[in-house]
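Heads up: the structure comes next, in structure tokens.
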Amino acid sequence: MGKKILFILSVFISANAFSQVNGEAEPPHISMDSLFKIKEKESIGKLFPQFNSTFNGRIITKDSLRGKVVFINFWFAACPPCIAEMSALNELYKKFSSNKNFEFISFTYESPARIILLKKKYSIKYKVASVTRQECYRLNQNNGFPTSIVLDREGVIHDLFTGGDIEDKKEAKDFIISMVYKSINGAIMKQ
């Protein structure tokens with residue numbers, strides 16, 4: 001997966017350098033968003049990695065979630081797009097939390113003490129675990145922040161969304177309602 005991105009970047013850099021030297025037209029623009037979309041598609045259908053984390057004093061593992069559709073969000077406090085989606089994620093949690101076949105968990109590399117303050121500040125209702133930055137990247141498939149992943153009942157990645165640059169709360173809410181709700185409902189309905 002990483003090799004493909006490096007290959008794409010090297011082709012882009014080579015083509016760009018060649019066109020500047022020879023005065024030819026520039027190659028098509030390859031954005032970071034398009035690279036993230038490639039990575040998202042590559043992740044879908046793969047097993048989510050094992051983890052063992054403490055949420056609100058309770059140890060949760062990937063295996064303990066088997067049989068449930070799981071929504072996982074990755075964030076940190078200094079990330080404006082992460083903060084922009086917090087209220088929409090609280091609504092998502094409220095909407096699906098009564099479904100016994102659904103679980104919402106969140107990972108951040110913020111310290112446990114900081115998580116307590118942030119949960120209060122942003123009225124975060126869902127479970128948040130503090131893990132290392134390296135663990136966040138391992139679990140979020142080396143994507144940026146925020147990243148949200150929907151797992152099916154077997155622990156397979158049903159959908160993966162990278163947050164990108166949405167810093168407006170309304171835009172973040174619209175994205176979550178139009179894309180994430182649809183994905184969770186699809187995973188829940190899938191037998």
Quick check on the hydrophobic clustering: are [X] and [Y] connected, directly or via other members, by side-chain heavy-atom contacts under 4.5 Å?
X	Y	answer
M179	Y181	yes
V128	I116	no
I177	L92	yes

- Message: Does N99 form a side-chain contact (heavy atoms from CB on, under 4.5 Å) with K68? I'd like the steps, not just the answer.
- Response: CA-CA 9 Å; N99 186 326; K68 293 185 176 191; over 6 Å; no

Main-chain N/O of [Y] paired to [X] side chain as donor or acceptor, under 3.5 Å:
X	Y	value
E110	A77	yes
S64	I60	no
N140	G144	yes
T147	T162	no
D159	I149	no

- Message: Check for me whether the distance between the ring centres of F175 and F161 falls short of 6.0 Å.
- Response: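 Yes, close enough.
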
If you take all heavy atoms of [X] and [Y], which pair is closest and at what distance?
X	Y	result
F145	C79	O-SG, 3.7 Å
V131	S53	CG1-OG, 3.7 Å
A172	A84	CB-O, 3.8 Å
W75	T108	O-OG1, 2.7 Å
A187	V150	CB-CG1, 4.1 Å

- Query: Given the rule in the side-chain contact (heavy atoms from CB on, under 4.5 Å) test, do R153 and V69 qualify, once you have shown the distances and angles that lead to the verdict?
  - Reply: CA-CA 5 Å; R153 296 172 201 264; V69 169; 4.2 Å; yes

[X] side, atom [atom1]; [Y] side, atom [atom2] - distance, nearest 0.5 Å:
X	Y	atom1	atom2	value
L89	C82	CG	SG	9.5 Å
M86	N90	CE	CG	8.5 Å
K62	I72	NZ	CD1	9.5 Å

- Should the ring pair F104 and Y93 be called parallel, tilted or perpendicular, given that the plane angle runs from 0 to 90° and is split at 30 and 60?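 Answer is perpendicular, since the angle exceeds 60°.
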
- Query: In terms of the angle between their ring planes, are F107 and F55 parallel, tilted or perpendicular, with boundaries placed at 30° and 60°?
  - Reply: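 Correct class here is perpendicular.
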
Side-chain contact test, heavy atoms from C-beta onward, threshold under 4.5 Å: evaluate it for [X] versus [Y] and give yes or no.
X	Y	result
R66	E154	yes
V180	S183	no
K190	D152	yes
I105	F51	yes
Q50	D63	yes
H158	L151	no
F76	R133	no
L139	P49	yes

- Message: Before you tell me yes or no, could you show the steps for I176 and E85 under side-chain contact (heavy atoms from CB on, under 4.5 Å), namely the whole-Å CA-CA distance, both residues' side-chain angles and the distance that decides it to 0.1 Å?
- Response: CA-CA 8 Å; I176 288 170; E85 67 181 20; 3.7 Å; yes

- Task: Inspect the surroundings of CD in Q134 and state if more than 12 heavy atoms from other residues, nucleotides or ligands are less than 6.0 Å away.
- Result: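 At most 12 heavy atoms, drawn from other residues, nucleotides or ligands, come within 6.0 Å of this atom.
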
- So, E103 and K127, do they make that salt bridge, N to O below 4.0 Å?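 The answer is yes: the pair qualifies as a salt bridge.
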
- Task: Look at R138 together with E135 and state whether they make a salt bridge at an N to O cut-off of under 4.0 Å.
- Result: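 A salt bridge is present here (some side-chain N lies under 4.0 Å from a carboxylate O).
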
- Query: Run the side-chain contact (heavy atoms from CB on, under 4.5 Å) check on L160 and Q141 step by step: do they pass?
  - Reply: CA-CA 9 Å; L160 185 143; Q141 314 293 296; 3.7 Å; yes

- Message: Among Y126, F71, F102, which residue satisfies the ring pair (Phe, Tyr, Trp, His ring centres under 6.0 Å) criterion with F96?
- Response: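 Answer after filtering Y126, F71, F102: F102.
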
- Message: For S148 and N73: C-alpha separation, side-chain torsions, deciding distance, then whether side chain to side chain donor-acceptor pair (under 3.5 Å) applies.
- Response: CA-CA 4 Å; S148 294; N73 180 256; 2.9 Å; yes

